[in-house]
Amino acid sequence: MNKIICLKGDGIGPEIMDSAIKVLEEISEDFNFQYEMIYEDFGGVSIDKYGVPFTDDLKEKLKDADAVLLGSIGSPKYDSAPIRPEQGLLALRKYLNLYANIRPLKVSDSLVHLSPLKAEIVKGSDLVIVRELSSGIYFGEPRYYSDIEAYDTMRYNKEEITRIVDYAFKIAKLRKGKVVSVDKANVLSSSKLFRKIANDVSKNYPDVTLEHRYVDAMAMELITKPSTFDVIVTSNLFGDILSDEASVLGGSLGLLASASFSVDGISLYEPAHGSAPDIANQNIANPIAMIRSMAMMLRYSFNENKMSDLIDDSIDIILNEGCYTKDLNSENYLSTTDWTDKLIEKIKEIKNEYTI
Ligand code: IPM
Ligand code: MN
């Protein structure tokens, strides 16, 4: 039996997770996919119940799990609290050794009109951001905060950079064969090392091209010529920022899914967006990033490629048919639950092409 730890989290997390769970419940039998969902508190809800965002009990349960599905965490209510939900997320990523975060973005021709950018600019965009997830300024020591001074440490070692860059090259080999490594090597030492090691790693991949960009220039090129990119590899902080920017190329932050991998442990699947507390409990959140994250779980953790394709294709079809959530069209939209039901209808309509 496949054991999935399900962490709904905070804000819109429970709503979008319920959509994903419903989709899985509706189609798993057709594919003979057997699983057990284990629901656990995580993030703000866990702080409220147990005083910490990531409990020891959950750590134990993760030991014999096969995958983790996460909604979203965070709430303004913890903004000046001593313990924040985000600490739980960072600790979870560290605990599972998730060093590679993959955030794929593809704008299909029929959906270019959803983009805030001109169609001719965004058309053909199909890229993956490979974000280093377990080190860098998110984890570097020393760090310090007082009301008159504060600092963080951006640190990387050779091994950490090598493995993330190598991961990016492996993906690029299966795609268009182009890696762009993003850094700030004109200012930061950690970036200088990142660039050197990216050059070293590239020698093992003669069929893949490597280019470098400074992160400021990259931020610009991502919206001026997004269709020229294939695989973008970068450090934790730059990857965080660039992936939010990239996500709206397709129309909304609510579209970007993500998967996080370790060397040989279990993987975590979560939307790239946050908990959107301003729209929580209104049944208007976009569940697409969550559902696509679940589809990535089916593909990468359970090898259920057909099921994953069916979900992704059905999402594309109903978007193309004009089924939107509020973030995509504030004039003409469906609620989260109605949109999910439309998706399930579409899945049922076309599933025979996928179950054979
Ligand atoms: C993300 C989020 C997290 C991050 C936050 C919630 C800690 O923004 O997954 O991109 O910065 O990594
Ligand atoms: Mn982010």
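Both counts, for ligands and for their atoms, begin at 1 and track the order of listing. A quick note: this is a predicted structure, and the numbers were derived from the prediction, not measured.
- With D230 as the partner, the side chain to side chain donor-acceptor pair (under 3.5 Å) test is satisfied by one option alone out of K178, R175, K176: R175.
- Using cut-offs of 30° and 60° on the angle between ring planes, the pair F169 and Y205 is parallel.
- Looking at atom 8 (O) of ligand 1, its nearest protein heavy atom turns out to be D240 OD1, 3.3 Å.
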| How far apart are the C-alpha atoms of T337 and N283, what are their side-chain angles, what is the distance that settles it, and do they pass the side chain to side chain donor-acceptor pair (under 3.5 Å) test? | CA-CA 7 Å; T337 45; N283 199 19; 2.9 Å; yes
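- Looking only at its N/O/S atoms, D240 has OD1 as the one nearest to the Mn ion (ligand 2).
- A salt bridge is absent between K118 and E120: the closest approach of a Lys/Arg side-chain nitrogen to an acidic carboxylate oxygen does not fall below 4.0 angstrom.
- Between D183 and R213 there is no salt bridge, since no side-chain N of the basic residue sits under 4.0 Å from a carboxylate O of the acidic one.
- Residue contact check for ligand 1: R93 places a non-hydrogen atom closer than 4.0 Å to it.
- Considering backbone and side-chain N/O atoms, Y138 comes within less than 3.5 Å of an N/O atom of ligand 1.
- When heavy-atom distances to ligand 1 are checked against a 4.0 Å cut-off, R103 comes that close only through its side chain, counted from C-beta outward.
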| request: Test salt bridge (Lys or Arg N to Asp or Glu O under 4.0 Å) on K306 and D309 and set out the steps. | output: CA-CA 5 Å; K306 290 259 165 110; D309 288 344; over 6 Å; no
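- Given atom 7 (C) of ligand 1, the protein heavy atom at minimum distance is E86 CG, 3.8 Å.
- For R131, every heavy-atom contact with ligand 1 shorter than 4.0 Å involves the side chain, none the backbone.
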